[in-house]
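All remarks here apply to the structure that follows.
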Amino acid sequence: MKKKIVFIIIYIAVCLVPLCTVFLAQDTSSAEKRELSAFPKLTNEKGVINTAFFNEFDAWFSDHMGGRSLLVEAQATMKEKIFFESAESSVILGADGWLFYEKTADDFCNVRTYTERNVENVARTLLMVQEYCKSNGAEFVFTVAPNKNTLYADKMPFRYLKVQGKSNLDVLAEALTRYGVNYADLKAAFLAENRVLYQARDSHWTYEGGMLAYRTILGRLSGKHSLLEEVTFTERADWDADLVNMVYPNAKDDDIQVYPNITYSFITKGDVVSDEALVIETMNGAGEGQLLMFRDSFGNTTWRYFAEGFSTAEFQRSVPYRINAIERLSADTVILEIVERNLINLAEKAPMMPAPARELSLTDAYDMASSRTKIVTEPSGSYLHVYGMIDPRYLGSKYRAFVVADGESGREFYEAFPIYERELLKTEHGSDNGFSCYLPDSVSEEALRGILVETEGKYFYAAMK
């Protein structure tokens with residue numbers, strides 16, 4: 001009997017070991033780049049029993065179990081060394097220890113997420129941005145940071161096979177040429193270099209790759225800015241690689257990075273500037289011109305180069321792109337950079353700038369009364385945001401949309417971006433039959449009359465409901 005009691009006590013003690021480790025465990029949120037689950041409450045604010053308590057407790061326990069990060073790393077190492085796979089579904093394990101972001105797989109395999117209309121819509125949108133910049137005395141350059149596997153395909157696993165055809169980036173680049181958009185082709189620039197300029201275990205280019213991007217973009221501008229041609233680079237193994245952290249939470253910051261040997265002359269506004277900041281403002285007496293640049297994480301290793309080349313610069317990372325900041329800054333240069341894997345975002349969120357007024361000689365338009373055509377209006381700062389969707393039955397391979405309003409001298413037409421505002425329209429998937437524009441405060445909501453669409457030489461009209 002005593003032996004059974006001792007056995008039961010030992011059994012219970014062993015079962016309680018994992019629970020005890022919770023109180024000894026260290027917080028691994030910083031290692032995993034996320035917030036750990038909080039301990040669940042038995043009741044909610046209204047005193048009602050929390051029916052999800054046990055599911056939430058399971059999540060909390062999994063996050064706080066002692067040695068969790070070590071177990072995660074052990075599993076990742078085993079899968080990598082034995083099965084040649086990544087333990088993290090968002091990371092692809094390539095050849096020679098290279099890591100790739102899983103979201104780039106479709107682009108690598110030439111799986112088209114852009115429809116033909118998406119391509120035309122984005123090219124049209126960028127042309128309208130370019131026209132607005134020009135009307136404000138500024139040059140515009142659009143550029144795309146290539147996915148790592150777009151440039152170094154030989155490091156991808158053999159099971160990822162390319163289908164015949166062109167990628168989203170390829171077809172968009174062709175459309176930009178047709179539309180006359182000033183495009184800095186970074187894909188061609190990087191492929192022309194017979195060396196690796198991206199990091200093996202990070203999703204981004206190195207500082208040296210950023211320098212190539214900087215010089216390539218400047219090559220599309222007429223102004224004279226320092227190319228930083230005498231810069232040399234020093235290699236150090238101290239980089240915090242993003243893809244490694246996804247797989248190995250406790251990985252050391254020891255990936256190889258090449259750093260520019262530059263003594264910068266620009267100054268920043270604010271005491272502490274993070275590469276991840278939504279807005280960075282700089283001044284440099286030795287630079288030339290005023291820059292407004294929209295960038296993503298690839299700008300982390302390039303913004304200092306631009307800050308060195310321009311007398312003033314503002315770097316924005318938030319969306320929608322606030323192109324109208326050009327007027328506040330009196331910018332003479334506007335650059336828009338986006339990574340290849342996020343190109344679809346250009347089709348789903350319209351830039352913020354006043355919609356251009358257009359003169360139309362309209363003689364006739366077909367009625368487009370349809371439940372599938374939707375017009376939404378809502379205030380947005382000093383603008384009236386008008387957006388919605390158009391019945392796709394009325395659309396050809398490309399179209400232009402105009403918001404119609406009553407003005408002092410008759411009907412007024414404002415061109416909308418051919419953008420489908422997926423988040424605002426609350427649809428799970430994006431589409432290619434939308435419109436979106438920001439009307440100046442001189443146009444009231446009461447003056448709106450409807451949406452006019454031009455496609456394949458015909459006009460269709462839907463009145464406000």
Side-chain angles (χ1 to χ4, degrees), residues 104 106-134 139-147 150-151 162-191 213 216-217 219-221 294 296 298 319-321 323 334-351 353 355-356 358 389-390 392 394-402 415-422 429-437 453-457:
T104 64
D106 282 351
D107 289 324
F108 176 78
C109 296
N110 292 335
V111 176
R112 293 279 300 280
T113 55
Y114 264 9
T115 65
E116 182 180 357
R117 258 205 317 257
N118 279 145
V119 174
E120 299 294 330
N121 290 352
V122 171
R124 179 72 196 169
T125 292
L126 293 172
L127 177 62
M128 291 172 64
V129 170
Q130 180 171 280
E131 290 175 344
Y132 172 70
C133 292
K134 184 177 181 180
E139 286 188 276
F140 174 72
V141 180
F142 173 70
T143 194
V144 178
N147 296 332
T150 294
L151 304 176
K162 289 180 177 289
V163 299
Q164 289 187 342
K166 299 176 181 179
S167 67
N168 289 325
L169 177 56
D170 292 335
V171 295
L172 178 60
E174 293 175 355
L176 295 178
T177 299
R178 294 199 312 271
Y179 276 78
V181 175
N182 192 12
Y183 173 57
D185 190 348
L186 295 184
K187 177 181 176 181
F190 275 85
L191 288 175
T216 303
I217 293 170
R220 301 297 303 181
L221 297 172
F294 301 92
D296 52 25
F298 276 78
V319 289
Y321 301 122
I323 307 294
V334 177
I335 298 171
L336 197 165
E337 174 270 318
I338 187 172
V339 65
E340 179 183 355
R341 66 175 178 265
N342 288 336
L343 279 176
I344 193 63
N345 295 352
L346 295 175
E348 297 180 349
K349 197 174 289 292
M353 64 178 229
R358 306 296 193 192
M389 64 179 75
I390 304 161
Y394 295 97
L395 299 179
S397 60
K398 59 183 177 180
Y399 64 93
R400 295 175 68 180
F402 307 88
E415 184 165 7
F417 291 114
I419 295 294
Y420 186 94
E421 298 274 5
R422 181 178 62 84
H429 302 289
S431 191
D432 55 9
N433 61 314
F435 63 92
S436 179
C437 71
V453 177
E454 185 275 321
T455 181
E456 297 183 347

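From a predicted model like this one, the values you see are computed outputs, not experimental measurements.
In this structure, the side chain of S436 does not engage the main chain of A416 through any donor-acceptor pair within 3.5 Å. In this structure a side-chain-to-backbone donor-acceptor pair under 3.5 Å is missing from R124 to F417. Using a distance-only test at 3.5 Å, with no hydrogens or angles considered, no donor-acceptor pair links the side chain of T455 to the main chain of L395. Of the possible donor and acceptor atoms, none in the side chain of T216 sits under 3.5 Å from a partner among the backbone N and O of L186. Side-chain N or O atoms of N147 include none that pairs as donor or acceptor with a backbone N or O of F108 at under 3.5 Å. Using a distance-only test at 3.5 Å, with no hydrogens or angles considered, no donor-acceptor pair links the side chain of Y394 to the main chain of V453. Checked by atom type and distance alone, the side chain of E337 pairs as donor or acceptor with a backbone atom of D296 at under 3.5 Å.
When side chains are defined from C-beta on, V171 counts as touching R112, because their heavy atoms get closer than 4.5 Å. In this structure the side chain of N345 never reaches within 4.5 angstrom of the side chain of V319, judged on heavy atoms. Within the 4.5 Å cutoff, side-chain heavy atoms of V122 are placed close to those of Y114.
R358 and E131 are joined by a salt bridge, as a carboxylate oxygen and a charged side-chain nitrogen come within less than 4.0 angstrom of each other. Under 4.0 Å is where a charged nitrogen must lie from a carboxylate oxygen, and between K187 and E340 no such pair does.
Screening E454, E120, E415 for a salt bridge (charged side-chain N to carboxylate O under 4.0 Å, His left out) with R400, the sole residue that qualifies is E415. Of the residues N121, N433, D432, the one that meets the side chain to side chain donor-acceptor pair (under 3.5 Å) test with T115 is D432. Here the rule is ring-ring contact (aromatic ring centres under 6.0 Å, His included) with Y321, and of F142, F294, F140 only F294 fits it.
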Should L346 and T125 be marked as a side-chain contact (heavy atoms from CB on, under 4.5 Å) after you check the CA-CA gap, both sets of side-chain angles, and the distance that decides it? CA-CA 9 Å; L346 295 175; T125 292; over 6 Å; no
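The structure places CZ of R341 at 13.5 Å from OG1 of T113, a figure rounded to the nearest 0.5 Å. Taking CD1 of I335 as the start and CG of L221 as the end, the distance is 5.5 Å to the nearest 0.5 Å. With values rounded to the nearest 0.5 angstrom, T177 atom OG1 is found 9.5 Å from L172 atom CG. Put simply, CG on L169 and CG on L343 are 6.0 Å apart, with the number rounded to the nearest 0.5 Å. To the nearest 0.5 Å, atoms CZ (R178) and CD (E174) are separated by 7.5 Å. Note that the CE atom of M353 and the SG atom of C437 stand 10.0 Å from one another [nearest 0.5 Å].
For K162, the NZ atom counts as densely surrounded, since its 6.0 Å shell holds more than 12 non-hydrogen atoms of other residues, nucleotides or ligands. Heavy atoms of other residues, nucleotides or ligands lying less than 6.0 angstrom from CD of E116 number 12 at most.
Of all non-hydrogen atoms in N110 and V163, the two that sit nearest each other are ND2-O, 3.2 Å. E421 and K349 get closest at one heavy-atom pair: OE1-CA, 3.7 Å. G430 approaches E348 most closely through the heavy-atom pair CA-OE2, 3.5 Å. For the pair I338 and N342, the tightest heavy-atom approach, listed with the atom from each and the gap, is CD1-O, 3.4 Å. Heavy-atom minimum distance, M389 versus F435: N-CE2, 3.6 Å. The heavy-atom pair separating P351 from I323 by the smallest distance is CB-CG1, 3.7 Å.
Looking at T104 and D107, their side chains never bring a donor and an acceptor atom within 3.5 Å of each other.
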